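Numbers restart at 1 for each chain; the letters A, B, ... are given by sequence-line order, proteins then strands. Note that this is a predicted model, so its numbers are computed, not measured.
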Amino acid sequence: MVVTRFAPSPTGYLHIGGLRTALFNWLWASRNGGKFILRIEDTDLQRNSEEATEAILKAFKWVGMDYDELFYQSQRFDIYKEYIQKLLDEDKAYYCYMTKEELDALREEQMKRGERPRYDRRYRDFKGTPPEGVEPVIRIKAPLEGDIVFEDGVKGTIVIKAEELDDFIIARSDGTPTYNFVAAIDDALMNVTHVIRGDDHLYNTPKQIIVYRALGFSLPKFFHVPMILNEEGKKLSKRDGAMDVMEYKREGYLPEALLNFLVRLGWSHGDQEIFSLKEMKELFDPHDINRSPSAYNLSKLQWLNSHYIKNSPNDRLVAELEDFGVYLESHDRKEILLDALKERAKTLKELAQMAKEILKEPESYDEKALKKATKGDYRKILEDFLSKIQEGEYHLPVDFHEAIEEVVKANDIGFGKIGQPLRVALTGKLGGPDLADIMAVIGKDEVVKRVKRFLDYTK
RNA sequence: GGCCCCAUCGUCUAGCGGUUAGGACACCGCCCUUUCACGGCGGUGACGGGGGUUCGAGUCCCCCUGGGGUCACCA
């Protein structure tokens with residue numbers, strides 16, 4: 001069975017790059033009818049926080065990614081201890097009594113000599129009496145010579161010389177195990193078959209392989225996914241705007257748009273751009289992941305988002321808009337409103353803004369729009385229109401449309417002559433949905449009220 | 001700096017020795033239209049440079065250049 005996992009350390013929110021690797025793992029498990037594990041890597045008691053874990057779980061929930069199992073490494077220390085002891089017993093790991101200060105000094109000296117800083121293995125075969133008052137760390141015996149070779153599903157064959165590695169620490173002096181050790185143990189114990197992760201982990205892989213071998217575990221397949229760059233092609237950082245996945249929710253993005261955007265970063269399927277969740281699950285294959293890093297680009301995300309908004313049923317939009325302060329549930333013209341608006345919104349936030357601009361009478365009139373709207377005999381035209389609609393029943397867009405047509409005909413003018421002043425009177429600015437739709441949404445009385453107010457204002 | 005990875009339009013990418021180098025976003029123009037959008041049609045625009053291999057290289061090899069990653073008692 002295919003088993004994948006996403007293993008974040010809870011030190012902050014879930015960021016966009018993390019979400020993509022999680023997505024890749026999730027999709028691959030799903031495609032194979034396998035299992036997707038979420039594993040919280042909280043072995044460093046100093047750094048991780050419960051809020052961060054909550055934030056990650058919340059983000060998963062928002063995008064709709066479900067996991068089959070959830071683990072916290074902090075609850076598995078007993079297991080790790082057992083394996084550390086096993087390595088100690090088998091002489092594959094050892095206590096190292098070098099203090100942090102001594103290590104720092106060694107590093108500094110090595111740097112001065114132009115060497116690569118690393119532990120010199122001085123306690124590897126230490127048989128004497130340990131120094132007093134030093135709580136030792138435990139190091140693993142890494143191979144002294146040869147190469148560590150593995151096949152990466154994205155990058156191809158990776159060869160790391162043994163000299164590049166040192167006897168890295170598997171347990172801190174306080175007894176807690178470290179990342180490279182526990183990651184390997186858990187991936188093995190949880191029967192993870194495909195490790196898909198950021199390529200910043202490429203160098204951890206040989207270290208983890210050392211652990212696998214020392215314990216006789218069989219290796220999973222590795223896929224190291226290139227990082228996501230910012231729009232300038234540099235490393236993505238907090239300054240590049242939205243890093244937190246939940247920020248996209250706040251900005252009015254639909255989760256399916258975000259996922260669609262992310263799945264196409266570093267992966268493609270011919271010329272296809274739009275992928276439903278179902279299609280992603282059927283088509284995604286980590287073997288097709290690109291070898292080169294890709295840059296984040298907001299306008300593509302916006303395009304995708306507007307696509308998904310356009311294709312959302314109105315009742316979904318009604319529900320989504322409540323997060324943005326627009327409540328349409330009981331509005332009897334919400335279908336007309338939403339149909340007119342969803343064609344032109346890039347985000348839910350914009351959609352909400354546009355809805356508000358129609359539902360509420362304008363607080364002010366845009367200066368430029370005012371100039372354009374108050375040319376010629378706009379007053380007479382608007383007054384004609386007013387007396388026209390005050391006579392009869394006007395409810396549907398077609399009713400209002402007819403009213404406009406009649407005024408146009410009676411005055412022998414173009415549609416624009418009444419369109420512009422009417423639009424500004426109604427919404428305070430140029431641009432926006434069909435006038436007849438707007439009027440049907442707000443109703444005849446409100447139309448009359450707004451036009452009168454406009455006439456008054458421009459007197 | 002050592003080691004490693006990467007390199008097609010501005011961006012995401014297709015390409016897997018022989019293509020007028022294709023698509024998408026963005027941008028520009030035209031059409032549709034009461035406006036703004038949507039939509040339709042069209043356009044600008046790329047194989048980083050230099051050597052090889054080959055009858056023939058975006059595709060294979062080497063070098064350069066340029067990006068990126070990594071060198072913790074973090075993960």
Side-chain angles (χ1 to χ4, degrees), chain A residues 7-11 41-44 46-48 73 96 98-100 103-104 107 111 114-119 135-139 152 154-156 158-161 163-166 168-180 182-183 197-204 206 224 226-227 229 231-235 261 264-274 290-304 306-307 310 340-346 354 369 372-373 401 404 408 414-420 422-424 427 429-436:
Chain A
S9 61
T11 51
E41 308 233 323
D42 53 355
T43 53
D44 186 351
Q46 317 295 331
R47 293 184 187 225
N48 55 62
Q73 289 186 323
C96 169
M98 204 168 171
T99 62
K100 264 182 213 169
L103 248 181
D104 288 344
R107 283 206 187 96
M111 298 272 265
E115 289 171 19
R116 186 179 123 77
R118 77 170 124 191
Y119 174 64
E135 285 298 328
V137 298
I138 299 171
R139 291 180 180 272
D152 186 277
V154 175
K155 312 251 183 194
I158 304 287
V159 181
I160 310 282
K161 291 186 196 69
E163 303 108 72
E164 294 295 322
L165 276 3
D166 59 6
F168 61 92
I169 292 171
I170 59 174
R172 303 180 183 91
S173 44
D174 66 2
T176 57
T178 59
Y179 167 73
N180 280 119
V182 297
R197 63 190 5 168
D199 73 359
D200 49 333
H201 283 287
L202 196 64
Y203 259 73
N204 290 137
H224 288 94
M227 315 255 80
L229 274 24
E231 305 209 46
E232 283 75 47
K234 302 282 178 199
K235 192 185 175 186
F261 171 69
R264 283 286 289 102
L265 241 40
W267 177 81
S268 63
H269 181 257
D271 285 339
Q272 189 169 347
E273 295 290 347
I274 306 291
N290 267 201
R291 305 156 85 88
S292 54
S294 38
Y296 170 95
N297 100 303
L298 185 65
S299 52
K300 185 88 168 251
L301 206 212
Q302 288 178 332
W303 171 72
L304 250 5
S306 64
H307 168 84
K310 250 176 293 203
L341 255 26
K342 66 185 182 184
E343 295 285 321
R344 44 203 103 211
K346 284 197 177 74
M354 290 189 287
K372 281 196 169 179
H401 189 79
I404 295 177
V408 163
F415 210 119
K417 279 270 184 280
I418 179 171
Q420 286 196 334
L422 188 52
R423 182 173 290 284
V424 176
T427 65
K429 58 184 216 177
L430 297 166
D434 187 279
L435 283 170

Rounded to the Å, how far apart are [X] [atom1] and [N] [atom2]?
X: His401(A); N: U35(B); atom1: NE2; atom2: P; result: 12 Å
X: Glu273(A); N: G23(B); atom1: CD; atom2: P; result: 12 Å
X: Lys342(A); N: C36(B); atom1: NZ; atom2: C1'; result: 18 Å

Options [options], nucleotide nearest the side-chain atoms of [X]:
X: Lys300(A); options: C38(B), A75(B), A24(B); answer: A24(B)
X: Glu164(A); options: G2(B), G23(B), C6(B); answer: G2(B)
X: Ser299(A); options: U13(B), A26(B), U35(B); answer: A26(B)
X: Asn290(A); options: A24(B), U13(B), C25(B); answer: U13(B)
X: Leu430(A); options: C38(B), C12(B), U35(B); answer: U35(B)
X: Ser268(A); options: A26(B), C38(B), A14(B); answer: A14(B)
X: Lys161(A); options: C4(B), U35(B), C25(B); answer: C4(B)

Using atom [atom1] in both nucleotides, what's the gap between [N] and [M] to the nearest angstrom?
N: G39(B); M: G48(B); atom1: C1'; answer: 38 Å
N: A24(B); M: C41(B); atom1: P; answer: 9 Å
N: G68(B); M: G45(B); atom1: C1'; answer: 26 Å

Find which nucleotide of RNA chain B each of Pro8(A) and Ser294(A) is nearest to by heavy atoms, and output the residue with the more 5' nucleotide.
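Looking at RNA chain B, the more 5' nearest nucleotide goes with Ser294(A).
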Pairwise 5' ranking along RNA chain B for Gly266(A) and Phe415(A), keeping only the more 5' one
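Upstream on the strand: Gly266(A).
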Parallel, tilted or perpendicular: ring planes of His307(A) versus Trp303(A), cut at 30 and 60 degrees
tilted
Parallel, tilted or perpendicular for Tyr296(A) and Phe261(A), by the 30°/60° rule?
perpendicular
Of all residues at least two apart in sequence or in a different chain, which pass the side-chain hydrogen bond (donor to acceptor under 3.5 Å, both in side chains) check with Glu41(A)?
Arg39(A), Gln73(A)
Roughly how far, to the nearest 0.5 Å, is CG of Asn204(A) from NE2 of His224(A)?
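Reported value, rounded in 0.5 Å steps: 7.5 Å.
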Please report the interatomic distance CG(Leu301(A)) to CG(Leu265(A)), rounded to the nearest 0.5 Å.
9.5 Å
Are any protein N/O atoms closer than 3.5 Å to N/O atoms in nucleotides 66-73 of chain B? If there are, list each pair with its distance.
unit_1, atom_1, unit_2, atom_2, d
C71(B), O2', Arg116(A), NH1, 2.9
A72(B), OP2, Arg107(A), NE, 3.4
C73(B), OP2, Arg107(A), NH2, 3.1
C73(B), O2, Ser173(A), N, 2.9
C73(B), O2, Ser173(A), OG, 2.9
C73(B), N3, Ser173(A), OG, 3.0

For Pro433(A) and Ala340(A), the nearest pair of non-hydrogen atoms, with its separation, is CB-CB, 3.8 Å
Return the set of residues passing salt bridge (Lys or Arg N to Asp or Glu O under 4.0 Å) with Glu273(A) (not counting sequence neighbours), or none when no residue passes.
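Testing Glu273(A) for salt bridge (Lys or Arg N to Asp or Glu O under 4.0 Å), a comparison that skips the adjacent residues, returns Arg264(A), Lys300(A).
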With a 3.5 Å cut-off and just heavy-atom distances, do the side chain of Arg344(A) and the base of C36(B) make a donor-acceptor pair?
yes
